[in-house]
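We name chains A, B, ... by the order of the sequence lines, and we start the count at 1 in each one.
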8 protein chains.
Amino acid sequence: MSEAKVGIIMGSASDRPVMQAAADLLTQLGVPYEIDIVSAHRTPEKMFNYAQQAHKRGLQVIIAGAGGAAHLPGMVASLTPLPVIGVPIKSSNSIDGWDSLLSIVQMPNGVPVATVAVNAAQNAGILAAQIIATSNPNLLQQLIAFKEELKAKVIKASEEFKK
Amino acid sequence: MSEAKVGIIMGSASDRPVMQAAADLLTQLGVPYEIDIVSAHRTPEKMFNYAQQAHKRGLQVIIAGAGGAAHLPGMVASLTPLPVIGVPIKSSNSIDGWDSLLSIVQMPNGVPVATVAVNAAQNAGILAAQIIATSNPNLLQQLIAFKEELKAKVIKASEEFKK
Amino acid sequence: MSEAKVGIIMGSASDRPVMQAAADLLTQLGVPYEIDIVSAHRTPEKMFNYAQQAHKRGLQVIIAGAGGAAHLPGMVASLTPLPVIGVPIKSSNSIDGWDSLLSIVQMPNGVPVATVAVNAAQNAGILAAQIIATSNPNLLQQLIAFKEELKAKVIKASEEFKK
Amino acid sequence: MSEAKVGIIMGSASDRPVMQAAADLLTQLGVPYEIDIVSAHRTPEKMFNYAQQAHKRGLQVIIAGAGGAAHLPGMVASLTPLPVIGVPIKSSNSIDGWDSLLSIVQMPNGVPVATVAVNAAQNAGILAAQIIATSNPNLLQQLIAFKEELKAKVIKASEEFKK
Amino acid sequence: MSEAKVGIIMGSASDRPVMQAAADLLTQLGVPYEIDIVSAHRTPEKMFNYAQQAHKRGLQVIIAGAGGAAHLPGMVASLTPLPVIGVPIKSSNSIDGWDSLLSIVQMPNGVPVATVAVNAAQNAGILAAQIIATSNPNLLQQLIAFKEELKAKVIKASEEFKK
Amino acid sequence: MSEAKVGIIMGSASDRPVMQAAADLLTQLGVPYEIDIVSAHRTPEKMFNYAQQAHKRGLQVIIAGAGGAAHLPGMVASLTPLPVIGVPIKSSNSIDGWDSLLSIVQMPNGVPVATVAVNAAQNAGILAAQIIATSNPNLLQQLIAFKEELKAKVIKASEEFKK
Amino acid sequence: MSEAKVGIIMGSASDRPVMQAAADLLTQLGVPYEIDIVSAHRTPEKMFNYAQQAHKRGLQVIIAGAGGAAHLPGMVASLTPLPVIGVPIKSSNSIDGWDSLLSIVQMPNGVPVATVAVNAAQNAGILAAQIIATSNPNLLQQLIAFKEELKAKVIKASEEFKK
Amino acid sequence: MSEAKVGIIMGSASDRPVMQAAADLLTQLGVPYEIDIVSAHRTPEKMFNYAQQAHKRGLQVIIAGAGGAAHLPGMVASLTPLPVIGVPIKSSNSIDGWDSLLSIVQMPNGVPVATVAVNAAQNAGILAAQIIATSNPNLLQQLIAFKEELKAKVIKASEEFKK
């Protein structure tokens, strides 16, 4: 799996139901990825190694999901030069997602996290593909086609709707 | 200016004091950019054209800043296959930045906006550079050096601090 | 259906259960309307056309419902001279409706959206009828009667209540 | 002043600095209006009379601004068949405008208030004009021209910006 | 029922499950009350009459419950010299109770509403009894006994707890 | 000052600028009061004694103001059978008054605090007078006159406003 | 049970399902504790005695859980020189835990409460053990081992995850 | 400075004005401390070393202050067996302190942070002293005296207040 371009990590196995949507989207677009549990608070050394090695292993983007006081995306961003996409998760220990969102998006100057909507792992996948597509014209075409499909679905729904 | 890699746009001239930090950071890293006012609500046709032409003109990333009911980043994202970075602005008509933040980050499935912290235009610039660096090893090295500088400043501050 | 006075649009078929109440109210008051799916983020061109053509096609009011980062009402308002009524929807991807509400109501100077309560599509229908009634005395009488019915229901509930 | 089409009311003289923008906009568009202080909590009888007489006196729209526990727009809406536009005011006794906004927008079924952004009295004026324009083609043309002016200002700002 | 000392009113029959607790508490303490539906927005004239007549009919305290943009307690307070107790109700059209709470508690100078916790109708009943007890020594003794019972229950729960 | 009917207490001398308005209002209405600093957290024994002795000393109502994690009103309410009015104070250590408000209003079943708006000490004074007036017809007349004065001021402001 | 080092208290028997996790954790680490119901609002005298006697009885840390306007942790902290850990509880009468959290954490200068996450009683237990371990090297070793176990679980979950 | 019992760290030199109060309090109580800048995001390796070495160097408590997406307290807590006290700082890049507070307090199971109020560094100092006092009877006596001083100040303020 060393050819992975995107690393998807999450703080806990319980985040999988949300985060799987990122993996599915990348599969759909043919972007190779790897997926793992890396906990900022329970396995800080693993997180350190993961973040520091990521660009050396050929990863181009990291997607990190976490809930509550969600430190994983920001800490990984502090340790890698790669763009990091953060997915706030509305986990059982979260106050309606507010803590997850603010802990991820409100990063200080120098260390951005590209934050998507609460639980929006699919969008994290799309964003990762968009980033890779900046140097991959084929993938860019796929993304353009993906947008067309979204449009077609809405057009079709509109037609059924009016019946 | 057709060689610009990053397009920085904002809804109003009054957003310039915040958004300039994105431009300054890109200048510092030597990433060519363009900067303009594009209002989703006052110049919707210009926004449409800007977003639809961006990838054809060679832009690789768009940074869009807006305040209040901030629709510019999300609407641009709906019209371009490029990654769009959103900067929520705490403008005078904003409720402490909450409306700007939520209007930008809470995008529906299919159309992500890579949201940074409220007023964090510098971080938007860094993120844009990180995205471009996924296919530009020199820029990646610059980003690694940038992180080292941040570290060095904190170390120096720490030394002065302890005196 | 070209005689429609009110255009009801929503971002997704999943918004129908909420938005139908606007249509039902207009049916009850005999105000002709049309209803469709128009997504700001997935069918931006259709939204553009819809908004720009609305007053030329004889529509007098547009009701637009959306959830999360809800850009549909505001973008339509930017493209039409007609009054636009916005319905914030507490959809599954919304943070308790806060994002929908703020994304719709906090519009910048020059481009108002007449915002009603979260999920209050019936009220959007009433407001549309009130707007049309400003030049339709019969409809105004119907609205006065509608208010009397509301009152009568509460009076009746009060009587049953005291038993 | 019996020819007024729009009634602008506010809870306190201290709301004038915010609410004047509605009057100025209507003056600019040539829409006749009247303006007064009507307090839901301090002059409830006057409010009752104002709201119940408004449509009989020829008013077509009411704009009501209030802060804190802002009951004026909703109470007026309960007493008139006319469309009521609510302006939440971030007054000194308000919690950052949240109380004003929620007290105005979250009206129950049957009694809508067309709510605009916090302190957005100009937008209330535009919305009132849009409502009257549904039966006034000249005013509609003025509103279309108004939108063009907004656009022209942004285009001009953009040009100066790029210099 | 003309001997009622406390008037309990609510905006809708659907508020009864919450508001009944106020009535039950007053029954328990032997304080005569009356209970009715009075809607600020649907029966404003009835509300006016109710509030203006209350002290003339011998009522000493009014308890008013409402949800969403909850105007009933404040409007009644504007029309009566009696103390008014407001119960914010977390109704289906409320944003988690925030709108109800802020619409009731944030009253302007001159017109207080004695606000209790969201859905805390029992506490509204206790507060009404405390107010009446300021001139009723027997009722004061009952309230002292009521507090002792609360204490006794907790002490007993503590004993069972430790087993 | 043993004839005081209302006890005004606050957690800190720094709360005086806000709380003085309660005293001024009571002075205006001729209701005897006493005023003191009683800190729940720094002088808990004094608070205990104050609350437990209040009704024995002839007080009929207690007004308690506090900011941040504001425990004074609720703790006093737990120790006295008298009605307790809570004034949330937006002190320097408060998060915009949210903490003060919620700490005071969200009391559990059995122990109500009659909460007024943030910083609304004048309203606390009025409410205290209303409570005492339930057994004092003269004071009731004064309160009716007070309301008339409020009304007259608004009417006068309205007249000046229209000039 | 007089050898208890940690006192766990809560405002109501209904808080037990949350608070038991603190007890379980201390049992696991072999730290002796006692557990009881002590209500700030219903048994204030018991709370006073408990807090004032705690350090004399040999307790070293107090864990206090409460919901809504949660005064127990702060009031106990005002009465004891011991460190007090506060657990905000998302009880049925709480607004999503916001009131509990703010009532506990926002304590004034001089009287800290060591606040953990909403419902995080297990973490309160760990924190209590960490405090005791500052003078108990064996317990410190156990805590180090506890952290290693957490890590091992995540590592194992990661391995199963990748299969 | 190897005898320090408390380590005070903060993310940036700009946090010093807030955090100094912790140091001052410890100086007042005679508790040896050290103070430094350790940034989770800019000097992650230094943070790692600091946290992992702290208990080996003889520190007994760590106080960590940070603003915005405040990861320093939680990350340090993940790396040390010592109790960690978190101070949310309302820095210029914070949304009124909400992000700082939630990022620090909402830690997941297994890794508590003892959170104090926003900007409450003095309380962090007191809490640190309370923790150390669990095995230091002299310090416990000092803390009891400290509480008495607080009380005396309030009593004195009360006396001046009544004049």
Legend entry - Option passing side-chain contact (heavy atoms from CB on, under 4.5 Å) with I131(H) (candidates L127(G), I132(G), I131(G)): I131(G)
Inset, instruction - Can you see which heavy atom on L101(H) is nearest to which on L102(G), and at what distance? - result: CD2-CD2, 4.1 Å
Legend entry - 4.5 Å side-chain heavy-atom contact, Q122(H) and P112(G): no
Inset, instruction - Sort out for me which of A124(G), A120(G), S78(G), A133(G) touches chain H most, counting heavy-atom pairs under 4.5 Å. - result: S78(G)
Legend entry - Toward chain H, the part of L25(G) with a non-hydrogen atom under 4.5 Å: neither
Inset, instruction - Verify side-chain contact (heavy atoms from CB on, under 4.5 Å) between M107(H) and V116(G), making sure each step is shown before the conclusion. - result: CA-CA 7 Å; M107(H) 290 293 289; V116(G) 294; over 6 Å; no
Legend entry - Flag side-chain contact, heavy atom, 4.5 Å: V118(H) against Q106(G): yes
Legend entry - Validation row: T134(G), T134(H) side chains within 4.5 angstrom (heavy atoms): yes
Inset, instruction - Count the heavy-atom pairs under 4.5 Å between each of T80(H), I126(H), V111(H), V105(H) and chain G, then report the option with the highest count. - result: V105(H)
Legend entry - More than 12 heavy atoms from other groups under 6.0 Å of NZ on K153(H): no
Inset, instruction - Name the region of V113(G), side chain, backbone, both or neither, that has any atom closer than 4.5 Å to a heavy atom of chain H. - result: backbone
Legend entry - Heavy-atom pair count under 4.5 Å with chain G, highest-scoring of A21(H), G110(H), S135(H), P88(H): G110(H)
Legend entry - Interatomic spacing from CG in L150(H) to CG in N109(G) - rounded to 0.5 Å: 9.0 Å
Enumerate, atom names and distances included, each donor-acceptor pair closer than 3.5 Å involving a side-chain atom of residues 137-147 of chain G, sequence neighbours excluded.
unit_1, atom_1, unit_2, atom_2, d
Q142(G), NE2, L29(G), O, 3.2
K147(G), NZ, A77(H), O, 2.7

Inset, instruction - Heavy-atom distances under 4.5 Å only: say whether P108(G) touches chain H with side chain, backbone, both or neither. - result: backbone
Inset, instruction - Specify which of Q60(H), E149(H), H55(H), K151(H) makes the most heavy-atom pairs with chain G at under 4.5 Å. - result: Q60(H)
